[in-house]
Number of protein chains: 2
Amino acid sequence: MLTRVPAVKTHTADLAARLVDEAGRLLAREGAAALTLRRLATASGTSTMAVYTLFGDKQGLLRAMYRTGFDRLGAALRTAAATQDDPVEALVALGQAYRDTALANPHLYGLMFGTAVPGFVPDDDAKAVADAAYEPLVEGVRRCLHAGTMAGTAAERIALHLWSVSHGMVSLELAGHLPAPDPATAYVEAMVYAGIPFVAGGERG
Amino acid sequence: MLTRVPAVKTHTADLAARLVDEAGRLLAREGAAALTLRRLATASGTSTMAVYTLFGDKQGLLRAMYRTGFDRLGAALRTAAATQDDPVEALVALGQAYRDTALANPHLYGLMFGTAVPGFVPDDDAKAVADAAYEPLVEGVRRCLHAGTMAGTAAERIALHLWSVSHGMVSLELAGHLPAPDPATAYVEAMVYAGIPFVAGGERG
DNA sequence: CCACGTGGCATAACGTTGTTATATGCATGT
DNA sequence: ACATGCATATAACAACGTTATGCCACGTGG
């Protein structure tokens, strides 16, 4: 049955935010298969046409979710980096925050990095938001380079390497390809090992 | 009637192979959105019912594609490792073969590692095939450990680290998050750097 | 050699999806 | 106060996965 909401006649921007928020909740709780426009409309107290007037089509809604997902990832990374004074510890905190964010909403992570929804391709504007979220990691590497705890290559290359390890490890964990015992420990260990090639002095445990 | 194992008849097995092959071609050329049962049926010269009698439902077809994808990945990795005598060069060849296989069929790669199709979850049997494909990398690391060019940790841990870097780098490249200039070079460089923490002696360039 | 029943495949139908077309109603500007 | 316009609700359409039904080609007992 349809729930007839009294149509609070909020501004369209608020409705757009509510739609993106409810779509994210729907995606997180039941996966991409449950994210249908009809369910989203009834859950948000509106009709499917709201998606078309506000986002053009379903792809537009997914693009908005993509953007907000990377915005929140970037914010999580920034706050995580700010909690640690030591540059190397800040990098580890960045990795853990990356993993926590991904595991907290695997389907959104799949939408952001994979092809979680069949025909979805992010536009260049959305990719710019993604690269902005990736920036705190580069900044953290720059801090390490400035502090002398890393050396050998440009900050962008080192950050890309760390991002690859983090993203790869998280993806394998989400896909169930990580051996059972304590994936979090394995992840942190891999993160630390990944930084070792660029650590000045090059000692390892 | 949960596990209805399809009885392997002679001509039916051929039709099953043709369906999986055509589905892979359809997925590779036009993506997951174009992989519909009606299109697959007409392209294979049969009807949609063939999928249901042979695989149960679309999920069963996807599971079969998942298995054959990992089978071919494992075969590609085995042959790549066999081309090189030097253990370290064999690891690099493994990484390049991994990247080539993924880039040759991105949608199949997404099906194998991500949530490319909304409701698809591989069963434990399929995951065993995936882990078997991952075995040549462990073997390559064992060769390096035996040759003395690597040290410090168990082979499974090192192989997992290398797999994470490879998988992460390829995933980022497929998602368009790699900076433009020469991703292949960046990939090989990351692969080499990933091995450095475990190289006995610990020198680096 | 023939009748028959079993099983795989084609055809058709059902519910649901994204999308589009039409109708309605609230809002605003003059 | 009236007309205009845009956002939304309702309804319809093509296509999807899936299920039900019918057909035909086998394999086996007489």
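Lettering of chains follows the sequences in order, A, B, ..., and the numbering in each one begins at 1.
B:E156 has a carboxylate O that lies under 4.0 Å from a charged side-chain N of B:R142, or vice versa, which qualifies the two as a salt bridge. Checked for salt-bridge contact, A:R25 and A:D21 meet the test: a charged N lies under 4.0 Å from a carboxylate O. Using a 4.0 Å cut-off between a side-chain N of Lys or Arg and a carboxylate O of Asp or Glu, A:R39 and A:E30 qualify as a salt bridge.
A parallel orientation is assigned to the rings of A:Y134 and A:W163, their planes being inclined by less than 30° (bins at 30° and 60°). Ring planes of A:F113 and A:H167: tilted class, angle from 30 to 60°.
Exactly one residue among A:T153, A:L162, A:L145 makes a side-chain contact (heavy atoms from CB on, under 4.5 Å) with A:F198. That residue is A:T153.
Phosphate contact (OP1/OP2 of D:dT8, side-chain N/O of A:S47, threshold under 4.0 Å): absent. Side-chain nitrogen and oxygen atoms of B:T53 include none within less than 4.0 Å of the OP1 or OP2 phosphate oxygen of C:dG8.
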Letter by letter from the 5' end, nucleotides 18-25 of chain C scores (B base, S sugar-phosphate only, - none; protein heavy atoms under 4.0 Å) BBBB----
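Atoms CZ (A:R39) and P (C:dT17) sit 9 Å apart, rounded to a whole Å. In this structure, A:L19 atom CG and D:dA7 atom P are separated by 14 Å, rounded to whole Å.
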